[in-house]
Amino acid sequence: IDEQYLDELPLEPTPEEVAEPVNPILVVVRLLRGRMLVAMVLGLLLAVPAGVIVYSSVAPVYTSQGIVQVKPVLSSPMGGKDSPDTGLMPMFNSFLATQATFIGSRSVLEQAILDTDLIQAGWPASGRGVARLEDELGVKHGDHTLLIEVTVTDKDPETARIALNA
């Protein structure tokens, strides 16, 4: 490439070369000039059936939510209702995270799908049931909190409730 040619190229476009930005609202108004009333009537007439179609095409999904409270105190190894608590649990946030992971573990889910109420609700009792529960189960815990939030989503609200309680 010729270096002299590169020196002759302008670095910035000239004012004639710069196009003004296009306002899309003005473009629509220009295209509908004289037909604005027809466009508004058609928009209203088509909006209602379109809304009905969209509303009926989306299946509702229900979420059942449960809260598990974990106490950060250690009980006396002797037990009994009169025994005093020994104090705050060390590394409680780590313990809480472990409990949340345990709730969503495969071994817990395998036990949950054997629940009679869940089987009566039509939940598959095989590996498909575990996989489905794994997909629909949500387990969250925050830092510096005593709570674990457990949710189950399903197309049927009663099934979501039963699966959460299983």
Side-chain angles (χ1 to χ4, degrees), residues 21-32 35-77 79-81 85-166:
V22 178
N23 186 342
I25 296 173
L26 291 177
V27 171
V28 171
V29 168
R30 195 175 310 126
L31 290 172
L32 293 176
R35 297 179 289 260
M36 192 70 74
L37 183 62
V38 174
M40 285 192 282
V41 169
L42 280 175
L44 287 174
L45 289 175
L46 294 176
V48 172
V52 170
I53 290 170
V54 169
Y55 179 75
S56 63
S57 67
V58 177
V61 176
Y62 299 94
T63 301
S64 193
Q65 176 186 22
I67 303 291
V68 178
Q69 181 181 11
V70 181
K71 292 186 178 183
V73 293
L74 295 173
S75 297
S76 171
K81 64 178 184 177
D85 292 331
T86 60
L88 290 177
M89 179 182 293
M91 297 178 57
F92 177 71
N93 285 338
S94 178
F95 175 74
L96 189 69
T98 303
Q99 293 302 306
T101 302
F102 181 70
I103 289 172
S105 70
R106 188 153 183 96
S107 61
V108 171
L109 299 181
E110 286 173 351
Q111 290 299 313
I113 65 164
L114 299 177
D115 184 68
T116 56
D117 291 337
L118 194 58
I119 293 170
Q120 289 175 356
W123 200 278
S126 62
R128 284 191 359 234
V130 174
R132 179 177 165 193
L133 188 56
E134 196 171 34
D135 289 341
E136 297 183 1
L137 180 73
V139 181
K140 291 189 280 187
H141 69 91
D143 292 335
H144 311 293
T145 181
L146 305 176
L147 306 176
I148 299 173
E149 179 186 349
V150 184
T151 58
V152 175
T153 58
D154 196 74
K155 294 178 277 187
D156 178 40
E158 187 64 16
T159 304
R161 183 191 64 77
I162 292 170
L164 180 70
N165 290 331

Spacing of [X] atom [atom1] and [Y] atom [atom2] [to the nearest 0.5 Å]:
| X | Y | atom1 | atom2 | result |
| --- | --- | --- | --- | --- |
| Asn165 | Ser64 | CG | OG | 6.5 Å |
| Leu42 | Leu37 | CG | CG | 9.5 Å |
| Ile162 | Ile119 | CD1 | CD1 | 11.5 Å |
| Leu146 | Gln69 | CG | CD | 6.0 Å |

Sole residue of Val38, Leu45, Leu44 in side-chain contact (heavy atoms from CB on, under 4.5 Å) with Val41: Leu45
Residue from Val139, Thr98, Leu109 passing side-chain contact (heavy atoms from CB on, under 4.5 Å) with Ile103: Val139
Heavy atoms, side chains only, cut-off 4.5 Å: are [X] and [Y] in contact?
| X | Y | result |
| --- | --- | --- |
| Glu110 | Leu114 | no |
| Leu96 | Ile148 | yes |
| Val52 | Pro49 | no |
| Val152 | Thr63 | no |
| Ile113 | Leu133 | yes |

Polar side-chain atom of [X] near backbone of [Y] as donor-acceptor pair, under 3.5 Å:
| X | Y | value |
| --- | --- | --- |
| Ser94 | Met91 | no |
| Trp123 | Gly129 | yes |
| Ser57 | Val54 | yes |

Test side-chain contact (heavy atoms from CB on, under 4.5 Å) on Val27 and Val22 and set out the steps. CA-CA 8 Å; Val27 171; Val22 178; 3.5 Å; yes
Closest non-hydrogen atom pair between Leu137 and Gly104, with its separation: CD2-CA, 3.9 Å
If you take all heavy atoms of Ala166 and Ala112, which pair is closest and at what distance? CB-O, 3.5 Å
Should Gln65 and Glu149 be marked as a side-chain contact (heavy atoms from CB on, under 4.5 Å) after you check the CA-CA gap, both sets of side-chain angles, and the distance that decides it? CA-CA 7 Å; Gln65 176 186 22; Glu149 179 186 349; 2.9 Å; yes
Taking only residues two or more places apart in sequence, or in another chain, which ones meet Thr159 in a side chain to side chain donor-acceptor pair (under 3.5 Å)? Asp156
Carboxylate-amine/guanidinium contact Asp154 Arg132, below 4.0 Å: yes
With a cut-off of 6.0 Å (strictly less than), are more than 12 heavy atoms of other residues, nucleotides or ligands near CD1 of Ile25? no
Could you walk me through whether Phe95 and Val70 pass the side-chain contact (heavy atoms from CB on, under 4.5 Å) test, one step at a time? CA-CA 9 Å; Phe95 175 74; Val70 181; 3.5 Å; yes
Given Leu164 and Thr151, is the side-chain contact (heavy atoms from CB on, under 4.5 Å) satisfied, shown in steps? CA-CA 7 Å; Leu164 180 70; Thr151 58; 5.8 Å; no
